[in-house]
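This report refers to the structure that appears directly beneath it.
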Amino acid sequence: MPDAPVTDGWAVDIVLCVDVTGSMAPVLNQVKEGALSFHGRLKTVMARRGMAVGRMRLRVIAFRDFGADGNRAIERTAFLDLPEQDAEFAEFIAGLRATGGGDVPESGLEALALAVRSPWSAETDDRRHIVVLFTDAPAHPLGKHTPRRRAAKSPSDRPPWWSSRRKAATSASPSDYDVYPRTLDELHDQWGREGLDGALMDQSAKRLLIFAPEQQPWRDIAETWDKTLFVPSVAGTGLKEIALDEVISTIARKL
């Protein structure tokens, strides 16, 4: 879909990186239940803080474990305009299954890398580019299971519940390949470091919120990356203690 004009107010792009391995069933159900109301609830909270939203786009990157799940480790949407594309957003969320994952660490860093490389809006000075990551597990180091290039799914590789209509509606990239950083330092460079060139993110617009256990690499990222907020959770519980209202309030505060 071509970019729509931004009306008065902030242009807000949000990428939700969601762990969809087996232990994450509780938070995945929360996301499904809140899908249709997400835009309205966040817009209401932001209005209370005196921030009008002219345009909001939402993207979802669901991740598992490349080591265990191969080319089923990543599912994602393009940016969807809300509320105009609420139906597409809800359809994608409804099709996600909390399954797989193999060992405890997951491919959260690869999902974060894809989020950083998103096609962020640059249409207005009043903009925010927000990445929100949900997981109840640590992450494999980049390079351990990271594919150098991940080919697009062929029909034979898709699970039975994957529909061609859903794939066509949510294709996120004109390329058949994703290129991932090989180290956490390289990913940090793409996020942006003060005084260094090479960042992919708009340094004034970017924000990162991490809902994760106090395990590696999340704590280190929270301590060393700028414009990052870390909300600790209990490992292996599916983030059951974190409610959607808390997530929305935290996003609004971080703006």
Side-chain angles (χ1 to χ4, degrees), residues 15-29 31-32 59-79 88-89 91-119 131-187 190 210-213 215-218 221 235-236 238-239:
V15 181
L16 302 178
C17 297
V18 184
D19 181 338
V20 290
T21 55
S23 65
M24 288 293 290
V27 74
L28 185 58
N29 289 335
V31 172
K32 289 180 178 181
R59 183 184 187 197
V60 181
I61 299 174
F63 65 92
R64 296 184 178 89
D65 184 345
F66 276 114
D69 303 302
N71 61 9
R72 297 189 182 96
I74 296 287
E75 297 180 65
R76 69 298 189 49
T77 71
F79 271 121
E88 290 93 327
F89 175 54
E91 180 184 6
F92 179 85
I93 293 295
L96 292 174
R97 300 291 186 271
T99 185
D103 55 2
V104 175
E106 313 299 358
S107 294
L109 287 177
E110 286 84 353
L112 180 56
L114 291 177
V116 168
R117 297 181 69 89
S118 294
V131 179
V132 186
L133 186 141
F134 303 90
T135 185
D136 68 342
H140 288 297
L142 285 166
K144 181 175 182 179
H145 298 301
T146 310
R148 290 196 176 274
R149 284 188 166 184
R150 187 181 71 81
K153 294 180 177 68
S154 67
S156 61
D157 290 331
R158 296 172 190 159
W161 38 265
W162 186 288
S163 73
S164 59
R165 177 178 178 274
R166 178 166 170 250
K167 179 67 169 69
T170 59
S171 178
S173 172
S175 171
D176 285 341
Y177 302 99
D178 295 323
V179 179
Y180 298 95
R182 306 307 298 172
T183 66
L184 186 57
D185 279 344
E186 184 181 344
L187 180 55
Q190 293 177 0
I210 300 174
F211 296 86
Q215 296 177 319
Q216 298 300 339
W218 311 123
I221 288 176
L239 297 179

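Just so it is clear, the values below take in all heavy atoms, side chains as well, and ignore hydrogens, waters and symmetry mates. All values derive from a computational prediction rather than experimental measurement.
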Requested in this report: Any chance you could lay out the side chain to side chain contact (heavy atoms under 4.5 Å, CB included) test for E106 and D65, step after step, and finish with the verdict?
Outcome: CA-CA 5 Å; E106 313 299 358; D65 184 345; 3.3 Å; yes

Report task. Kindly give the heavy-atom pair with the smallest separation between G108 and A139, and that separation in Å. Result -> N-CB, 4.2 Å

**Report entry** R76 side chain vs R59 backbone, donor-acceptor pair below 3.5 Å
**Finding:** no

**Report entry** Derivation and outcome, side chain to side chain contact (heavy atoms under 4.5 Å, CB included), residues L109 and W218
**Finding:** CA-CA 9 Å; L109 287 177; W218 311 123; 4.1 Å; yes

Query - Shortest non-hydrogen contact from V15 toward S118 - result: CG2-OG, 3.6 Å

Query raised in the report: Rounded to the nearest 0.5 Å, what separation is found between the CZ atom of F89 and the CG atom of L16?
Result: 6.0 Å

Report task. Please report the shortest heavy-atom distance between A137 and T135, naming the atom on each side. Result -> N-OG1, 3.2 Å

Query raised in the report: Between D19 and T21, is any side-chain donor less than 3.5 angstrom from a side-chain acceptor?
Result: yes

Query raised in the report: Which value, rounded to the nearest 0.5 Å, describes the distance between F66 atom CZ and I74 atom CD1?
Result: 4.5 Å

Query - Spatial distance of atom CZ (R72) from atom CZ (R64) [nearest 0.5 Å] - result: 9.0 Å

**Report entry** Heavy-atom pair with the smallest gap, counting every atom of A115 and V131
**Finding:** CB-CG1, 3.9 Å

Query - Gap between atom CD of E110 and atom SG of C17 - 0.5 Å precision - result: 11.5 Å

Report task. Could you tell me which non-hydrogen atom of D69 sits nearest to which non-hydrogen atom of G100, and how far apart they are? Result -> OD1-CA, 3.6 Å

Query - Distance-minimising heavy-atom pair for A98 and M24 - result: CB-C, 4.4 Å

Query - Sidechain-backbone polar pair: R97 side chain, G95 backbone, donor-acceptor under 3.5 Å - result: yes

Query raised in the report: Is there a side chain to side chain contact (heavy atoms under 4.5 Å, CB included) between L114 and Y180 once you walk through the steps?
Result: CA-CA 8 Å; L114 291 177; Y180 298 95; 3.7 Å; yes

**Report entry** Ring geometry between H145 and H140 (parallel below 30°, tilted from 30 to 60°, perpendicular above 60°)
**Finding:** perpendicular

Report summary line: The reported gap from CZ in F63 to CG in L112 (rounded to nearest 0.5 angstrom) is 9.0 Å

Report task. Say whether, by atom type as modelled, one donor and one acceptor occur between the side chain of T77 and the main chain of V60 under 3.5 angstrom. Result -> yes

Report summary line: To the nearest 0.5 Å, atom CD1 of I221 lies from atom CD of Q216 at 9.0 Å

